[in-house]
J.: 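Structure provided below as structure tokens; questions to follow.
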Amino acid sequence: MQTEREEFVDELTQLKMERSKRRQRKEWELKMMGKCITWLIYAYAAGIIITGLRYIILDKNFKYEGIVEDSCQDFKTLKSVNDQIFPLLDELTYKKYFKIFRVNLENECPFSIGEYICTSKKCVICTCNTSEIPSNWLSPTSSFINQPKDNFAFWDTERYLSPSEWIWHVEDVENDKGVYVDLKLNPEAFTGYQGQHIWDAIYKENCYQGSLNDMCKEKRALNKLVQGLHTSISTQLSEFYVDLSTNKTYPNYPLYFERVGNHPERIRNLFFLYSVLLRAVILATPGIQNHDINSMSFEEDTRSKYLLNNILSLGNNQCSKPFDEQQFFNQITFDQKKDYQRYIHNISRIMDCVECQKCRVFGKMQTYGLGTALKILFSESPSEFSGKLKRNELVALINTFGKVSSSVKSIDLMFERRARFYYNLILTIGIVGGVFIIFMVAIRKIYSEMDKKIQNMFKGIPSDNPQKVNKNTKSKRD
């Protein structure tokens with residue numbers, strides 16, 4: 001009998017110890033849940049405040065204020081003109097006559113600037129078959145201009161040209177080496193190719209060295225044109241960024257602000273380039289309007305001429321003189337003209353060192369387009385000279401203008417995307433964070449209620465007083 005009583009007391013003691021431990025554990029769990037909820041509320045409030053402040057101080061758009069340096073127009077006017085021209089220009093570059101560009105991809109790199117192999121499939125382009133090219137493009141035609149044979153990439157080794165026989169030369173495509181590339185079938189986009197060594201060579205070898213503020217305007221202009229072209233290309237690669245792991249294309253605004261958006265001077269250089277290209281197109285209006293646009297498709301060619309005339313009309317009516325070439329280049333020396341030509345030609349030759357085929361095509365095309373614009377601006381009679389433009393020159397000029405126009409259009413889009421991201425981030429933190437905190441509070445409440453119910457289940461357990469337990473046990477047996 002005594003043994004049974006001792007066993008009963010031992011069991012009761014053990015049960016009370018387990019009950020006490022469980023109670024302590026539950027109290028600790030409830031306490032920790034409370035602390036977690038408190039810290040979540042702190043983190044929630046900090047996230048809302050930090051993100052909110054970042055959104056408030058964030059530049060929602062680029063400040064289009066003042067005159068574009070070395071130009072004749074203000075930012076707002078150029079932006080307004082571009083808003084009207086871009087849709088027409090974008091559609092025009094999809095027309096057959098303007099989307100097929102002839103380029104020589106067999107030139108060897110004449111410079112020692114390092115080898116960077118492009119391993120992505122995005123680097124490869126598809127060239128057009130002969131059957132895809134209108135027969136009138138393939139027939140041999142005599143050049144409108146008796147081009148000098150001097151290789152301006154190595155000017156010092158060539159004979160001296162007098163001012164009277166000097167003529168602008170960018171690049172010729174030999175009949176047996178050039179290939180036709182559909183620029184829309186092979187769109188410019190991020191390929192993963194790292195071409196910083198190319199731009200380093202361009203800036204080091206083909207730009208005037210020193211601070212822009214210390215240069216004369218003629219030298220400063222060339223540097224700004226090259227920097228503007230670099231800005232435009234960086235913008236296009238950010239706008240049409242390709243995730244190589246998923247093969248999805250989307251605008252990459254963080255990359256844009258890293259390369260362009262956080263550097264206002266680069267956007268200003270982009271607008272300077274835009275003003276120069278727009279002025280060249282306006283000056284070339286008579287020649288472009290009389291240009292034989294013929295892709296052997298009457299309907300498409302008619303639409304191309306309509307779009308082109310509208311672009312020229314908008315440019316002449318809305319902003320006829322965005323850049324004053326006569327005032328700007330009235331004191332330019334013959335040697336500086338040669339420098340411009342040599343530098344632009346050198347850039348095209350440096351593009352032959354680009355291992356990424358797609359990057360090389362668009363790099364050479366836009367360099368060719370810039371060179372064509374400068375040919376028009378340097379011409380004594382731009383309207384007469386523009387009538388002698390070759391098809392490839394006009395295609396390069398229009399597509400370069402289209403790329404720069406697209407880059408100008410992307411400025412507002414990129415600023416809006418960044419602002420929208422932070423706005424959505426605030427909403428996400430507010431909604432998701434709030435719901436999660438409410439969920440945690442509800443879980444703690446339920447957990448606490450369940451603990452109370454479990455505590456009520458133990459109310460029937462005998463008292464902690466052993467004598468009382470013995471009396472109760474004895475009375476039950478009696």
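None of the values given here were measured: they were computed from a predicted structure. Start at 1 with the first residue, then count along the sequence.
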J.: Check whether Tyr64 forms a cation-pi arrangement with Lys76 (NZ or CZ under 6.0 Å from the six-membered ring centre, at most 45° off the ring normal).
T.: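 No cation-pi geometry.
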J.: Taking the inter-plane angle between the rings of Tyr97 and His291 on a 0 to 90° scale, is it parallel (under 30°), tilted (30 to 60°) or perpendicular (over 60°)?
T.: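 Tyr97 vs His291 ring planes: perpendicular.
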J.: Asp70 and side chain to side chain donor-acceptor pair (under 3.5 Å): which single residue from Arg268, Lys217, Arg220 fits?
T.: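 Running side chain to side chain donor-acceptor pair (under 3.5 Å) over Arg268, Lys217, Arg220 with Asp70 returns exactly one hit, Arg220.
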J.: Are His263 and Phe257 close enough that some pair of their side-chain heavy atoms sits under 4.5 Å apart?
T.: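 No. Closest side-chain heavy atoms not under 4.5 Å.
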J.: Between Cys123 and Cys356, is the SG gap short of 2.5 Å?
T.: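 Unbridged: Cys123 and Cys356.
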J.: Just do the ring-ring contact (aromatic ring centres under 6.0 Å, His included) check on Phe240 and Phe190 with the steps written out, would you?
T.: CA-CA 6 Å; Phe240 302 99; Phe190 181 81; over 10 Å; no
J.: Report the residue from Ser407, Ser406, Ser405 that forms a side chain to side chain donor-acceptor pair (under 3.5 Å) with Ser232.
T.: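 The residue from Ser407, Ser406, Ser405 that satisfies side chain to side chain donor-acceptor pair (under 3.5 Å) with Ser232 turns out to be Ser407.
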J.: Classify the ring geometry of Tyr55 against Tyr423: parallel below 30°, tilted from 30° to 60°, perpendicular beyond 60°.
T.: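 Tyr55 and Tyr423: tilted rings.
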J.: Establish, yes or no, whether the cationic atom of Lys224 lies under 6.0 Å from the six-membered ring centre of Phe272 and within 45° of the ring axis.
T.: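 The answer is yes, since Lys224 meets both limits relative to Phe272.
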J.: When rounded to the nearest 0.5 angstrom, what distance separates NZ in Lys96 from CD1 in Ile133?
T.: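 One gets 6.5 Å once the value is rounded to the nearest 0.5 Å.
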J.: For Glu355, is there an ion pair with Arg360 - N to carboxylate O distance below 4.0 angstrom?
T.: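 Looking at Glu355 together with Arg360, the answer is no, because their closest N to O distance does not fall below 4.0 Å.
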J.: Are Thr93 and Lys99 packed together at the side-chain level, in the sense that at least one heavy-atom pair is separated by less than 4.5 angstrom?
T.: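 In short, these two side chains do not touch, never coming nearer than 4.5 Å.
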J.: Nearest 0.5 angstrom please: Lys364 NZ to Leu105 CG, how far?
T.: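 Those atoms lie 8.0 Å apart.
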J.: Side chains of Leu183 and Val361: closer than 4.5 Å at any heavy-atom pair?
T.: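 Yes; the side chains approach each other to less than 4.5 Å.
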J.: Under the criterion salt bridge (Lys or Arg N to Asp or Glu O under 4.0 Å), I'd like the reasoning laid out for Lys358 against Glu188: C-alpha separation, chi angles, the key distance, then a yes or no.
T.: CA-CA 7 Å; Lys358 182 178 290 187; Glu188 184 178 26; over 6 Å; no
J.: Under 3.5 Å, is there a donor-acceptor pair linking the side chains of Asn82 and Tyr274?
T.: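 Looking only at side-chain atoms, Tyr274 and Asn82 do form a donor-acceptor pair, the distance falling under 3.5 Å.
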J.: With ring centroids as reference points, do Tyr44 and Trp39 lie under 6.0 angstrom apart?
T.: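 Aromatic pair excluded; centres sit 6.0 Å or further apart.
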J.: Would you say Glu393 and Lys375 make side-chain contact, with heavy atoms under 4.5 Å?
T.: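 A side-chain contact exists here, since the closest heavy-atom pair is under 4.5 Å.
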J.: Can you tell me how far apart CD1 (Ile376) and CD1 (Ile282) are? Round to the nearest 0.5 Å.
T.: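 Separation between the atoms: 11.5 Å.
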J.: Hey, could you give me the CZ/CD distance between Phe75 and Glu69, rounded to the nearest 0.5 Å?
T.: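 Separation between the atoms: 9.0 Å.
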J.: Hey, is Asp83 close enough to Lys409 for a salt bridge, meaning N to O under 4.0 Å?
T.: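 Salt bridge between Asp83 and Lys409, a charged N being under 4.0 Å from a carboxylate O: yes.
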J.: Strictly by ring pair (Phe, Tyr, Trp, His ring centres under 6.0 Å), give each pair with a member in residues 294-316 just once, sequence neighbours left out.
T.: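 Found none.
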J.: Answer whether the closest heavy-atom distance between the side chains of Leu394 and Arg391 falls below 4.5 Å.
T.: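 Answer no - side chains too far apart.
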